[in-house]
J.: 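Sharing a structure here in structure tokens format.
Just so you know, these numbers come straight off a predicted model, no measurement behind them. Lettering of chains follows the sequences in order, A, B, ..., and the numbering in each one begins at 1.
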There are 2 protein chains.
Amino acid sequence: KLAEALSSQYGLNVFVAGLLFLLAWAVHASGVGKSDLLCFLSALMLLQLLWMLWYVGRSSAHRRLIRPKDTHAGARWLRGSITLFAAITIILGCLKIGYFVGFSECLSATEGVFPVTHAVHTLLQVYFLWGHAKDIIQSFKTLERFGVIHSVFTNLLLWANSVLNESKHQLNEHKERLITLGFGNITIVLDDHTPPCNCTPPALCSAISQGIYYLYPFNIEYQILASTMLYVLWKNVGRQVDSHQHQEMRFRFHGVVPGSVLGLTALATTIGVVVVYLIRIGRSKTKSESALIMFYLYAIVLLMLMAAAGLVGIRIYRIDEQSLDESKNPARKLDADLLVGTASGSWLISWGSILAILCAESRPPYTWYNLPYSILVVLEKYIQNLFIIESIHREPEKLSEDIRTLRVVTVCNGDSMPFASSCPKSGPAAGAGAPQGSELPPVASGNMCLSEVGGKEEEERSCEGVPAPALCPHFLQGNAQRRVLRNIAAFLFLCNISLWIPPAFGCRPEYDNGLEEIVFGFEPWIIVVNLAMPFSIFYRMHAAASLFEVYCKI
Amino acid sequence: KLAEALSSQYGLNVFVAGLLFLLAWAVHASGVGKSDLLCFLSALMLLQLLWMLWYVGRSSAHRRLIRPKDTHAGARWLRGSITLFAAITIILGCLKIGYFVGFSECLSATEGVFPVTHAVHTLLQVYFLWGHAKDIIQSFKTLERFGVIHSVFTNLLLWANSVLNESKHQLNEHKERLITLGFGNITIVLDDHTPPCNCTPPALCSAISQGIYYLYPFNIEYQILASTMLYVLWKNVGRQVDSHQHQEMRFRFHGVVPGSVLGLTALATTIGVVVVYLIRIGRSKTKSESALIMFYLYAIVLLMLMAAAGLVGIRIYRIDEQSLDESKNPARKLDADLLVGTASGSWLISWGSILAILCAESRPPYTWYNLPYSILVVLEKYIQNLFIIESIHREPEKLSEDIRTLRVVTVCNGDSMPFASSCPKSGPAAGAGAPQGSELPPVASGNMCLSEVGGKEEEERSCEGVPAPALCPHFLQGNAQRRVLRNIAAFLFLCNISLWIPPAFGCRPEYDNGLEEIVFGFEPWIIVVNLAMPFSIFYRMHAAASLFEVYCKI
């Protein structure tokens with residue numbers, strides 16, 4: 001316990017000091033240059049490298065010992081995605097090195113050292129996480145705790161650094177748009193860090209600096225994913241493992257066609273919308289407004305579908321009251337806390353928009369779309385979190401299969417429990433449900449139980465209207481229910497990835513809308529958005545990851 | 001589990017919306033007036049009032065049922081201190097009502113309704129916490145969870161509101177001082193909310209508005225204390241109680257004369273220093289500098305003493321390796337998390353100061369005192385947290401008394417374990433230890449084991465130098481050790497109260513120092529300080545409360 005407090009306090013101090021360094025650089029504090037910051041970060045990374053080498057060396061020396069493992073930590077898909085993001089991070093590192101070589105006349109050496117260190121750090125860290133993410137460290141507790149917590153906060157600082165760079169870039173683009181649209185009344189200072197010398201092949205250089213900003217979102221995800229994995233490792237230090245239930249995660253793809261088709265449609269549409277948005281926004285006033293309206297309408301429809309799907313999922317869980325798995329599990333607790341915590345970031349932005357619309361003095365018509373959009377963002381995250389938290393607390397299927405069979409038999413004996421059916425009673429019911437979620441008819445008329453997407457009330461009526469549930473038990477026999485849940489999980493997974501794209505790649509209506517900036521003032525609103533947006537973006541990725549896990553588990 | 005996620009998300013949304021309301025008011029958003037904000041807060045309070053009435057009524061109707069209680073939650077001293085703070089909050093409410101009556105011509109009605117609601121709310125909430133803080137709610141889980149979480153976040157919002165008012169006041173005072181000192185280069189806008197009409201008896205009115213700001217710190221403490229108690233209540237909803245060890249807290253006052261004398265001296269000195277500081281600061285440049293130097297020197301000495309005392313305490317715990325109490329306990333976990341979490345606030349400020357000193361271009365001599373001061377603030381909190389966390393995880397004495405006796409017997413049998421003695425070997429050892437903590441000689445030469453305050457190394461040497469530990473076992477027989485620990489706890493308790501006073505009553509060298517403002521810029525630094533300072537102030541009060549508990553437990 002003391003070791004835990006010792007190390008967490010050390011980590012917090014490193015983090016706080018690093019944050020202030022970043023802040024100092026961001027506000028152009030006198031005396032704090034970019035090279036100081038990069039030096040500091042490189043030093044932290046080198047320290048972590050040394051520790052990782054020591055740890056890997058020590059554990060390969062003691063290879064013979066059997067050590068306890070936390071089977072929940074570091075799932076294979078998690079390690080897979082971290083490898084993917086790490087690969088892109090290394091490409092980003094290479095681009096940065098290229099940028100440095102191009103501008104090498106007028107950049108300090110640290111700007112070259114930093115990407116090299118970062119690439120090495122990324123490589124070794126991925127290797128480390130592949131090999132040791134499941135470890136439960138028992139010996140040498142203090143030194144290892146310090147090493148792990150140092151790694152956690154080093155990654156968090158690298159995350160904050162990337163976020164800051166990305167935010168600066170976004171803010172610059174936003175300011176350029178404002179200049180184009182002729183808002184001269186705000187004192188605009190572009191905060192560009194273009195070096196004061198020329199790059200040798202100019203075309204290549206500008207391509208590189210463009211490319212860097214398109215790769216940043218992946219780097220940001222990599223850093224935060226690495227910190228969460230390391231944090232779970234830290235929470236596991238010295239833990240007593242009680243249960244050895246090894247739970248095999250299987251990824252199966254049959255029976256989720258409707259969910260994934262719908263999800264992929266959403267994904268494709270999103271990419272289209274983002275491209276159109278980025279082309280039209282900031283060109284002229286009318287073009288901006290039409291882009292905003294398009295984005296809002298699209299997002300409203302998508303969010304409504306997602307909320308409905310989430311409600312159906314929760315409803316199915318409610319029907320089938322399984323006992324929950326309440327055992328202690330750091331990885332799962334962290335997942336749930338992160339979902340709720342990072343959702344708060346986007347709630348902050350949404351409530352800001354709602355407040356702005358309610359209090360604004362003049363409201364151009366297109367801003368009205370912002371109100372349902374913001375409310376839906378709040379609601380959708382609320383419902384989705386409930387669904388995910390409920391799912392990850394379910395016990396794995398195998399253990400409770402017999403109990404379930406028992407219940408179905410009871411129902412078949414004529415017990416008229418108020419089951420909301422998951423059965424495809426499509427036909428007229430689906431037709432009545434359609435106006436609520438008006439984009440799905442072609443897919444929903446397939447016979448895969450997706451008609452519930454149309455809304456909960458509809459579904460309840462359709463079942464209470466039928467007096468004798470003679471057909472229902474047949475369809476509820478585990479499999480159909482499971483298939484619906486898996487469709488929902490697949491759909492929500494793809495939708496979350498879709499909704500990750502717009503803010504990560506610079507489609508931020510919170511900036512372009514203009515209403516909040518008028519009500520709150522330019523600076524305060526920019527600060528709020530820049531603080532909350534990273535969490536909002538991370539939320540989408542993290543929700544997608546959790547939904548993937550849910551999908552594999554169902 | 002689902003109910004927990006449901007209610008916590010509801011609470012977070014209320015909180016986030018309220019925070020944005022506060023922000024909107026703070027930045028003078030167009031369309032958001034003070035009366036809207038007060039309306040919102042009053043509505044929240046009324047909702048909580050209704051819920052509390054319902055809960056109290058329901059539980060008095062079902063009085064006969066025996067319900068489980070969490071003996072750790074809502075300790076008597078906690079309820080005592082909340083009553084004290086609540087009384088002052090009600091006085092504050094009366095003053096506000098008086099203020100409203102005086103200016104009634106030009107204030108909106110909400111400014112009168114708010115303090116009345118707040119006073120009623122305070123009264124009923126204190127009654128509620130006295131009666132129900134230990135409850136473990138088992139039935140009607142969802143509604144009760146919502147009510148409790150609503151109460152938690154209502155109190156947090158009231159806290160944020162008070163903090164904001166207090167910060168605005170402090171900032172205004174700071175700006176006035178800057179104007180006096182002739183810093184005209186910063187664009188200064190006083191943010192005063194004096195109503196635009198005259199008060200009937202002007203002397204009384206200005207006295208009231210002065211008085212209000214002296215009472216705010218207590219109101220702030222009341223709100224945060226109430227939220228933590230309600231949060232523990234929320235965590236306890238539906239919990240299974242496992243252990244019924246009722247642990248009687250006794251407050252005994254014998255044998256802690258040195259610790260409390262030293263602590264009371266510190267307290268008295270602090271009050272003197274604060275008064276002198278507030279009189280001198282901002283009058284002229286030399287007077288300000290001398291006030292700053294005086295404050296820094298005093299704080300450095302005090303923090304050094306506290307850090308040394310904490311180290312000795314940890315050392316004593318290290319010697320005597322008792323098993324820790326690892327049982328689940330929401331109240332205790334919250335205590336530990338709050339200590340580390342709120343300490344981060346002051347670490348943020350301290351690292352800012354350190355960075356500013358290291359990076360500044362010109363450093364007036366008095367700013368050098370800031371460096372050791374900031375480093376000591378970081379260190380002292382680090383050590384103190386370790387001490388408190390270790391203490392609250394100790395098992396109560398009675399259970400382990402027999403184990404201890406066994407160990408002492410083992411030692412007496414000639415085993416030469418490396419005990420660092422807690423025995424008063426004063427004489428030359430205390431003399432050699434004195435230079436490190438140079439303020440304590442008169443007290444330390446008393447024979448009450450306080451000579452260890454002089455430093456850990458000294459202590460180790462004095463014991464390793466003596467080859468045969470013939471005398472030590474006699475003194476280590478539980479009692480002497482306990483007495484030292486209780487002295488340390490009493491001393492730290494009083495010191496923490498001392499250190500709560502300066503920032504709470506407007507003695508903030510972070511503002512007056514000027515160095516950080518130059519390095520970071522005026523606005524960013526003010527934002528950092530205003531965000532971190534409330535946590536820093538709360539830390540002191542919370543540490544004092546925890547130390548009081550530690551004291552009673554030893």
Side-chain angles (χ1 to χ4, degrees), chain A residues 1-2 4-6 8-10 12-13 15-21 23-24 26-32 36 314 317-318 324 326 328 336 339-341 343-345 347-348 350-352 354-356 358-361 378 381-382 385-386 388-390 393 518-521 523-525 527-528, chain B residues 1-2 4-6 8-10 12-13 15-21 23-24 26-32 36 314 317-318 324 326 328 336 339-341 343-345 347-348 350-352 354-356 358-361 378 381-382 385-386 388-390 393 518-521 523-525 527-528:
Chain A
K1 201 74 204 170
L2 193 68
E4 197 178 321
L6 255 174
S8 66
Q9 294 197 69
Y10 160 75
L12 273 175
N13 270 304
F15 186 57
V16 159
L19 275 187
L20 272 162
F21 234 122
L23 175 77
V27 301
H28 306 286
S30 59
V32 183
D36 297 333
I314 294 172
Y317 280 135
R318 288 293 85 187
L324 296 181
E326 295 282 7
K328 210 182 162 194
L339 277 177
V340 177
S344 304
W347 287 335
L348 192 73
S350 296
W351 282 107
I354 295 171
L355 203 65
L358 296 181
C359 297
E361 270 126 20
V378 174
K381 286 194 177 153
Y382 198 119
N385 284 347
L386 289 181
I388 296 174
I389 290 173
E390 175 105 25
H393 279 91
I518 293 166
V519 173
F520 285 97
E523 287 235 337
W525 181 246
I527 291 173
V528 168
Chain B
K1 201 72 203 171
L2 192 69
E4 196 179 320
L6 256 174
S8 67
Q9 293 197 68
Y10 160 75
L12 273 175
N13 270 303
F15 186 58
V16 161
L19 275 186
L20 272 163
F21 234 122
L23 175 76
V27 302
H28 306 285
S30 60
V32 184
D36 297 332
I314 294 172
Y317 280 135
R318 289 292 87 184
L324 296 181
E326 296 281 6
K328 209 182 162 195
L339 278 176
V340 176
S344 305
W347 286 335
L348 193 72
S350 296
W351 283 108
I354 294 171
L355 203 64
L358 296 181
C359 298
E361 270 126 19
V378 174
K381 286 193 177 154
Y382 199 121
N385 284 346
L386 289 181
I388 295 175
I389 290 173
E390 175 105 28
H393 279 92
I518 294 168
V519 172
F520 284 97
E523 287 234 339
W525 181 246
I527 292 173
V528 168

J.: In sequence, state the C-alpha distance, the side-chain angles, and the governing distance for Lys381(A) and Gln9(B), and then conclude on side-chain contact (heavy atoms from CB on, under 4.5 Å).
T.: CA-CA 10 Å; Lys381(A) 286 194 177 153; Gln9(B) 293 197 68; 5.7 Å; no
J.: How long is the straight-line distance from CD1 of Ile388(B) back to CG of Leu339(B), given to the nearest 0.5 Å?
T.: 5.0 Å
J.: With rounding to the nearest 0.5 angstrom, report the CH2 to CG distance, Trp351(A) to Leu19(B).
T.: 12.5 Å
J.: Taking side chain as C-beta onward, heavy atoms only, is Trp347(B) less than 4.5 Å from Leu12(A)?
T.: yes
J.: So for Val519(B), is it side chain, backbone, both, or neither that comes closer than 4.5 Å to the heavy atoms of chain A?
T.: both
J.: Between Leu355(A) and chain B, which part of the residue has a heavy atom less than 4.5 Å away: side chain, backbone, both or neither?
T.: side chain
J.: Among Asn385(B), Leu358(B), Val340(B), which residue has the highest count of heavy-atom pairs closer than 4.5 Å to chain A?
T.: Asn385(B)
J.: Using non-hydrogen atoms only, which part of Phe15(B) is less than 4.5 Å away from chain A: side chain, backbone, both, or neither?
T.: neither
